[in-house]
Visitor: 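Here you go, one structure.
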Amino acid sequence: MGVSRSTLVFRPYPFFSGHGDGAYLVDLDGNRYLDLVNNYTSLIHGHTHRPTRDAIVRAVDLSPSPGVPTTLEEELAREVMSRIPSIESLRFAVSGSEAVLCAIRAARQFTGRSRIVKFEGAFHGAIDDVQRNIGQPPMEAGSFGAGTPATGGVPTRDTVVAVYNDIESLRGAFERHGDEIAAVIIEPYLGNAALIDAEPEFLATTVEVAQQCGALTIFDEIQSCRIVPGGAQALYGIKPDLTTMGKTIGGGLPLALAGGRGDVMSVYDGFEPAVVQTGTFNAFPLSLAAAMATLDDWRQPDFDRLNSMGEAVRTGLREIFDRHEMQVCVNGRGSMFHITCSAEPVTRYRTHAEAPSGPVLDLHHELLGRGIAMMARGTGCLSTAMDEADISFFLGAVESSVASLSDSAVAS
Ligand SMILES: Cc1ncc(COP(=O)(O)O)c(C=O)c1O
């Protein structure tokens with residue numbers, strides 16, 4: 001099909017990009033789309049942020065790939081650590097998946113244990129340890145276990161899958177396997193499953209139970225680092241042992257990181273490190289340069305403006321669905337939103353997984369025809385390239401799409 005990323009395939013067929021223009025994507029036929037996908041939450045300044053482009057060009061001129069360290073690496077590390085105090089030491093990687101691998105390896109080496117706890121519905125990337133129970137039927141409430149591979153080719157490993165926002169399930173996993181668990185990996189909200197928020201008590205209990213059992217907590221902030229400068233851990237007031245970040249921090253180029261407690265991350269230090277980190281394009285200078293330029297333009301006032309547009313979108317969507325008497329739940333935080341066809345609030349993976357996907361796919365399709373690109377699963381996110389006029393354009397397109405879908409439902 002000409003697509004090397006399963007996520008990008010939707011029915012009847014995806015469109016191909018011609019070029020980006022600020023908040024918009026233009027396809028090969030010249031159709032313009034307000035881009036609410038932003039490369040699956042990665043782009044914070046849209047497509048043509050001039051300072052990022054200039055920084056990349058400067059880095060290319062110096063050498064795109066010198067094969068020796070650059071000072072950009074330390075510069076960016078210092079900027080990240082100034083924003084996220086729990087990160088005392090960090091390693092850069094190319095993708096979020098590799099950053100997760102880097103954190104898991106550090107946890108295993110540091111604790112001398114092998115098992116990892118993850119939660120159903122949580123996506124942490126392509127590596128085998130975490131590719132379980134994603135987009136699959138919900139587990140029994142309170143249950144936990146080895147889980148089910150999310151795709152072919154994933155072997156049985158040391159992973160234990162527990163139910164998100166379910167303290168009984170979490171405690172069960174630790175009571176059964178506590179002294180074998182190296183780490184629990186958790187997203188503060190399920191970025192790929194209806195943006196379900198971790199309940200504060202659940203998140204705090206997760207950290208507490210892990211600590212009691214001598215396991216580490218890895219916060220996967222690869223998506224949630226777009227919410228506030230200090231990541232969701234700042235919002236919850238929790239200091240995890242390790243954190244992974246990716247997507248937005250690369251300014252549109254491939255970059256991710258794993259960092260946290262200095263004593264844990266020191267497994268990577270020295271001439272003969274206990275854990276070896278390899279990767280030809282790790283800390284890729286073009287990505288580091290893009291990241292610095294992106295972060296320079298992404299400070300508290302920028303977060304505030306983006307997040308208040310996000311609030312306006314969520315409120316506007318709820319008003320439209322209410323006016324049309326549709327049973328739809330709109331979740332989301334900061335600059336993100338998710339639409340689920342559900343009469344009840346979507347606070348559990350079970351509710352999300354059992355909701356019909358057809359109406360959301362229809363809405364996605366209608367919106368494409370009106371010049372709006374959002375994720376086919378019903379998620380969208382904003383970029384700083386957008387303004388109030390773009391938000392009104394989006395909400396107007398949702399209103400007319402919903403009206404047209406209701407008319408065709410009545411007619412059929
Ligand atoms: C929360 C989370 N963790 C990890 C990853 C994996 O990142 P990457 O696709 O860069 O490997 C993703 C990607 O969507 C993600 O959303």
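Numbering of ligands and ligand atoms starts at 1, following listing order.
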Visitor: Is there a side-chain contact between I116 and V160, using heavy atoms and a 4.5 Å cut-off?
Guide: no
Visitor: Is the closest basic N to carboxylate O distance between E79 and R299 below 4.0 Å?
Guide: yes
Visitor: Would you mind running through ligand 1 and noting each atom that sits below 4.0 Å from a heavy atom of Q223?
Guide: 16 (O)
Visitor: Could you tell me how the ring of F202 sits relative to the ring of F119: parallel (under 30°), tilted (30 to 60°) or perpendicular (over 60°)?
Guide: perpendicular
Visitor: As an exercise, identify every atom of ligand 1 less than 4.0 angstrom from a heavy atom of H124.
Guide: 3 (N), 4 (C), 5 (C)
Visitor: Which protein non-hydrogen atom lies closest to atom 2 (C) of ligand 1, naming both residue and atom, and how far is it?
Guide: F123 O, 3.3 Å
Visitor: Give me the residue, atom name and distance of the protein heavy atom closest to atom 6 (C) of ligand 1.
Guide: G125 CA, 3.5 Å
Visitor: Before signing off on this row, confirm whether E187 and ligand 1 have an N or O atom pair separated by under 3.5 Å.
Guide: no
Visitor: Atoms of ligand 1 less than 4.0 Å from N192 heavy atoms?
Guide: 16 (O)
Visitor: Nearest protein heavy-atom contact for atom 3 (N) of ligand 1: which residue, which atom, what distance?
Guide: D220 OD2, 2.7 Å
Visitor: Quick one: which ligand 1 atoms are inside 4.0 Å of a heavy atom on S95?
Guide: 10 (O), 11 (O)
Visitor: By number and element, which atoms of ligand 1 are closer than 4.0 Å to a non-hydrogen atom of S97?
Guide: 6 (C), 7 (O), 8 (P), 11 (O)
Visitor: Distance alone, cut at 3.5 Å: any donor-acceptor contact between the side chains of Y33 and D27?
Guide: yes
Visitor: Check whether any side-chain heavy atom of M81 sits under 4.5 Å from a side-chain heavy atom of E88, and report yes or no.
Guide: no
Visitor: Can a salt bridge be assigned to the pair R108 and D129 using a cut-off of 4.0 Å between side-chain N and carboxylate O?
Guide: yes
Visitor: Give the intermediate values and the outcome of salt bridge (Lys or Arg N to Asp or Glu O under 4.0 Å) for residues E311 and R314.
Guide: CA-CA 5 Å; E311 194 52 48; R314 289 185 293 274; 3.0 Å; yes
Visitor: Quick one: look up the protein heavy atom nearest atom 8 (P) of ligand 1 and list residue, atom name and how far away it is.
Guide: G96 N, 3.4 Å
Visitor: Should the ring pair F281 and F284 be called parallel, tilted or perpendicular, given that the plane angle runs from 0 to 90° and is split at 30 and 60?
Guide: perpendicular
Visitor: Look at atom 15 (C) of ligand 1 and find which of I222, T41, N39, V94 reaches it with the closest heavy atom.
Guide: I222
Visitor: Examine ligand 1 and decide if any of its atoms is less than 4.0 Å from a heavy atom belonging to K247.
Guide: yes
